[in-house]
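Contents: one structure, followed by commentary.
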Amino acid sequence: MKHFLTLKDYSKKEILEIVQLAFKIKKKMKKGKRKPYLKNQTLAMIFEKSSTRTRVSFEIGMYQLGGHAIFLSSNDSQLGRGEPMKDTARVIGRMADMVMIRTFSQESLREFADYSPVPVINGLTDLCHPVQLIADYMTMIEHGKKKNQIVAYVGDGNNMTHSWMWLAAKLGFELRVASPKGYEADGLVMHESLSEAKKSGAVITFFHDPKEAVKNADVVTTDTWISMGQEDEKAKRIKDFKGFIVDNAMMKLAKKDAIFLHCLPAYRGYEVDQEVLEGKQSVVFDEAENRLHAQKGIMVWLDRHR
Ligand code: CP
Ligand code: NVA
């Protein structure tokens, strides 16, 4: 049985299998066909942080696959009153067919998975957001960014950055990450993804100047400067990220046909300018839609690998 906790645990072949499966299900759905791949199955979704896309895409995705999803938040489940992850995992795992969790630490997600008799999916942790990257990669492919693409990530060295690093390292493309001093990606993820990159031929480089990173890029992407749980640092972060907004001037440095991606929610005027987010190069709503298809690909793939 496989869990989906980080792209680090997945091979290039497995990632591409999931992407292909997601495309296949998407294509069928666009033709009005909904094959009940997960008929009568139940997905338990545990949210310890807020969500719009992740909740809706998993819940609707499971329904469209012929199954059912239930929503639990830490506020109204016993998790919020201190019931340990390992107990919750063993209880839910006796009832649900699959579990998706959005939580803070990767360690508690890992602990849940260690005790779970059914597949567990990471719906975002402080460390990474792997389900988002399946949708992002699908969006790149759909917009012709398939081969030798250069992706530039501008902003906080956070869960999205780490997942981009793992995706590049596994698939073998060029990724440039630009973050302000003090907001670089996690050292261990850097070390591990760089050693994986040596095997796949990926080129992952780090910058403090975003303009250097976006030069000639095929894909420009960013994420909020203030992730969930960092609200107290807001004022300091806004000051420290000065110069990191993706605006038209920044986009002009990338290739003419470059696309702009953002996992959303976006904060206009901070990490991205209104004109870029709403502009011609922005494909953020294709990307958001692909969350639905990506989620289905992941769930069906996991079901086949029990
Ligand atoms: N991109 C993303 O995961 O969005 P939500 O926080 O709305 O789920
Ligand atoms: N880095 C952001 C992503 C939100 C989808 C956060 O963790 O809040």
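Order of appearance sets the numbers: ligands from 1, and atoms from 1 within every ligand. From a predicted model like this one, the values you see are computed outputs, not experimental measurements. What's counted below: heavy atoms across the whole structure, side chains too, no hydrogens, waters or symmetry copies.
Note: no N/O pair closer than 3.5 Å links H129 and ligand 2 by distance alone. Considering both main-chain and side-chain atoms, M160 never comes within under 3.5 Å of ligand 2 through any nitrogen or oxygen pair. Backbone and side-chain nitrogen or oxygen atoms of N159 are examined, and one is located within less than 3.5 angstrom of a nitrogen or oxygen of ligand 2. For a threshold of 3.5 Å applied to N or O pairs, the pair formed by L124 and ligand 1 contains no separation below that value. At under 3.5 Å, a nitrogen or oxygen of S227, whether backbone or side chain, sits near a nitrogen or oxygen of ligand 2.
A salt bridge links K236 with D240: the distance from a Lys NZ or Arg NE/NH1/NH2 to an Asp or Glu carboxylate oxygen falls below 4.0 Å. The pair E278-R268 meets the salt-bridge criterion, with a side-chain N (NZ, NE, NH1 or NH2) lying under 4.0 Å from an Asp/Glu carboxylate O.
Put simply, the residue from K49, R291, E59 that forms a side chain to side chain donor-acceptor pair (under 3.5 Å) with T54 is R291.
Closest approach of A266 to E271, counting heavy atoms only: CA-OE2, 3.4 Å. When all heavy atoms of V19 and M138 are compared, the closest pair comes out as CG1-CG, 4.1 Å.
What sits closest to atom 3 (O) of ligand 1 on the protein, heavy atoms only, is H129 NE2, 2.8 Å. Closest to atom 4 (C) of ligand 2, if we only count protein heavy atoms, is L124 CD1, 3.9 Å. Ranking protein heavy atoms by distance to atom 2 (C) of ligand 1, first place goes to R291 NH1, 3.2 Å. What sits closest to atom 8 (O) of ligand 2 on the protein, heavy atoms only, is M228 N, 2.8 Å. With hydrogens left out, the protein atom closest to atom 3 (C) of ligand 2 is D223 OD2, 3.7 Å, a heavy atom. At the shortest separation from atom 7 (O) of ligand 1 among protein heavy atoms lies T52 N, 2.7 Å. Closest to atom 4 (O) of ligand 1 among all protein heavy atoms lies R53 NE, 2.8 Å.
Taking the six-membered ring for Trp and the full ring otherwise, the centers of F47 and F71 sit less than 6.0 Å from each other.
Relative to the ring axis of Y137, K145 does not place its NZ or CZ within 45° and under 6.0 Å from the centre.
Remark: Y37 pairs with K28 by the side-chain hydrogen bond (donor to acceptor under 3.5 Å, both in side chains) rule, at least two apart or across chains.
In the hydrophobic clustering of ILVMFWY residues, with side-chain heavy atoms under 4.5 Å counting as a link, I134 and I25 come out together.
Below 4.0 Å from some heavy atom of C263 lie the following atoms of ligand 1, by number and element: 1 (N). Every atom of ligand 2 is numbered from 1 in the order shown, and the set under 4.0 Å from a heavy atom of L264 is 5 (C).
Selection from R102, K49, R55 by nearest heavy atom to atom 6 (O) of ligand 1 gives R102.
Between L194 atom CG and E192 atom CD the span is 10.5 Å, to the nearest 0.5 Å.
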